[in-house]
Amino acid sequence: SHGWGYEPTNGPDTWAADFPLANGPRQSPINIIPKEAHYDPSLKALKIRYDPSNTKGILNNGHSFQVDFVDDTDSSSQQTSTVPHPVILYYTTLTGGPISGVYRLKQFHFHWGGSDNRGSEHTLNGIKFPCELHLVHWNTKYPSFGEAAEKPDGLAVVGVFLKIGAANPRLQKVLDALDAIKTKGKQTTFANFDPKTLLPGSLDYWTYEGSLTTPPLLESVTWIVLKEPISISPAQMAKFRSLLFTGDGEAPCYMVDNYRPPQPLKGRLVRASFK
Ligand SMILES: COc1ccc(CNS(=O)(=O)c2ccc(S(N)(=O)=O)s2)cc1
Ligand SMILES: [Zn+2]
């Protein structure tokens, strides 16, 4: 079992061996205790602007699946041939909230459990949700995602809890693509998806300084966790759980419980954008 994962032999409790940041001062996720969060009236409203042309594809990366957006950090989106390049008017960007400047959406992905009583990374008063959505953005004051990921103010991830309820039609396009990316390394095209459609009605949020929740666990993330969950049905959850951690030809292992448990707060402040 080479490489990090979520099994007993390579899961979160083993990561510190290869990634010493695992025991750092600003690790994520955390347990959020709303009563202990500090309302900060100076926090601005989140603003998300989306360009429908820049969804790139959907990939099973062996840890989760992610929907990638053109953010010009990878060479494939550069002008490499005489074929006219679709003009990107603007990127999908995050501004306002606790961040200053413009952060560009790179990808979104999910974490989920093998059953409905677990799966989220952040918890609320110790309660786990069955699933959590992460929209990963990077600070455009840096030249690329990779550079930004090494800076304390380089990344901003919007976290959204999913709770069991009615089927969520907004997820359907993502779910319909999963059959094509069942195993590790598989990817397929995915176009014109507006990630704003995945957000709940309220953009009230908690925010704190943290890290990536997977190796390399870099402490470069301003976390913005929305208070209001979105819904997912049991059948839709089952679709997530039908993906495989493993690649073609390997003994199949279902992609479930791909979440890191809450980490020590170590004196950090959690601020709330709402009373
Ligand atoms: C410098 O080398 C690097 C830099 C960054 C990565 C992580 N890549 S990533 O941004 O897709 C994320 C991983 C985990 C995420 S979570 N669950 O916290 O939202 S986001 C890999 C290599
Ligand atoms: Zn994540």
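Predicted model, so just to flag it, every value in this text is computed and none were measured. As the structure lists them, so they are numbered: ligands from 1, and atoms in each ligand from 1.
Formation of a donor-acceptor pair under 3.5 Å by the Asn139 side chain with backbone atoms of Asp153 is found in this model. Side-chain N or O atoms of Arg170 include one that pairs as donor or acceptor with a backbone N or O of Thr197 at under 3.5 Å. Put simply, the side chain of Gln236 gets close to the backbone of Asn168: a donor and an acceptor are under 3.5 Å apart. Although no hydrogens or angles enter the test, the distance criterion places a donor-acceptor pair under 3.5 Å between the side chain of Thr55 and the main chain of Phe193.
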query: Could you walk me through whether Asn61 and Gln66 pass the side-chain hydrogen bond (donor to acceptor under 3.5 Å, both in side chains) check?
result: CA-CA 7 Å; Asn61 60 31; Gln66 64 188 61; 2.8 Å; yes
- prompt: Passes side-chain hydrogen bond (donor to acceptor under 3.5 Å, both in side chains), Trp223 versus Ser28? Steps please.
  reply: CA-CA 9 Å; Trp223 275 96; Ser28 293; 3.0 Å; yes
query: Between Trp138 and Asp71, is a side-chain hydrogen bond (donor to acceptor under 3.5 Å, both in side chains) present by the stated rule, with each step listed?
result: CA-CA 9 Å; Trp138 55 279; Asp71 62 352; 2.8 Å; yes
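Closest protein heavy atom to atom 17 (N) of ligand 1: Thr213 OG1, 2.7 Å. The protein atom (non-hydrogen) at minimum distance from atom 19 (O) of ligand 1 is His109 CE1, 3.2 Å. If you check which protein heavy atom lies closest to atom 6 (C) of ligand 1, you get Pro216 CD, 3.8 Å. Among all protein heavy atoms, the one lying closest to atom 8 (N) of ligand 1 is Phe145 CZ, 4.1 Å.
Of the polar atoms of Glu150, none of the N or O atoms is found under 3.5 Å from an N or O of ligand 1, judged by distance alone.
Within 4.0 Å of atom 11 (O) of ligand 1, at least one protein heavy atom is present.
Between the ND1 atom of His134 and the NE2 atom of His109, the angle centred on the Zn ion (ligand 2) amounts to 110° when rounded to 10°.
Close approach of ligand 1 to Thr214 (heavy-atom distance below 4.0 Å) involves ligand atoms 13 (C), 14 (C).
By the criterion of a heavy-atom distance under 4.0 Å, both the backbone and the side chain of Leu212 are placed next to ligand 1. Of the heavy atoms in Val157, only side-chain atoms (C-beta onward) come closer than 4.0 Å to ligand 1. Heavy atoms of Trp223 found under 4.0 angstrom from ligand 1 belong exclusively to the side chain. Neither the backbone nor the side chain of Lys106 comes within contact range of ligand 1; no heavy atom lies under 4.0 Å. Residue-level proximity to ligand 1 for Ser28 is absent, since no heavy atom of it falls below 4.0 angstrom. Of the heavy atoms in Gln66, none comes closer than 4.0 Å to ligand 1.
Residues Phe110 and Phe65 place their aromatic rings such that the two centres sit under 6.0 Å apart.
Geometric assessment of Lys56 against the ring of Phe190 yields a negative cation-pi assignment under the 6.0 Å and 45° thresholds.
Within the 4.0 Å heavy-atom cutoff, Arg260 does not count among the residues contacting ligand 1.
The distance from atom SG of Cys131 to atom CG of Asn258, rounded to the nearest 0.5 Å, is 8.5 Å.
Note on His111: its N/O/S atom closest to the Zn ion (ligand 2) is NE2.
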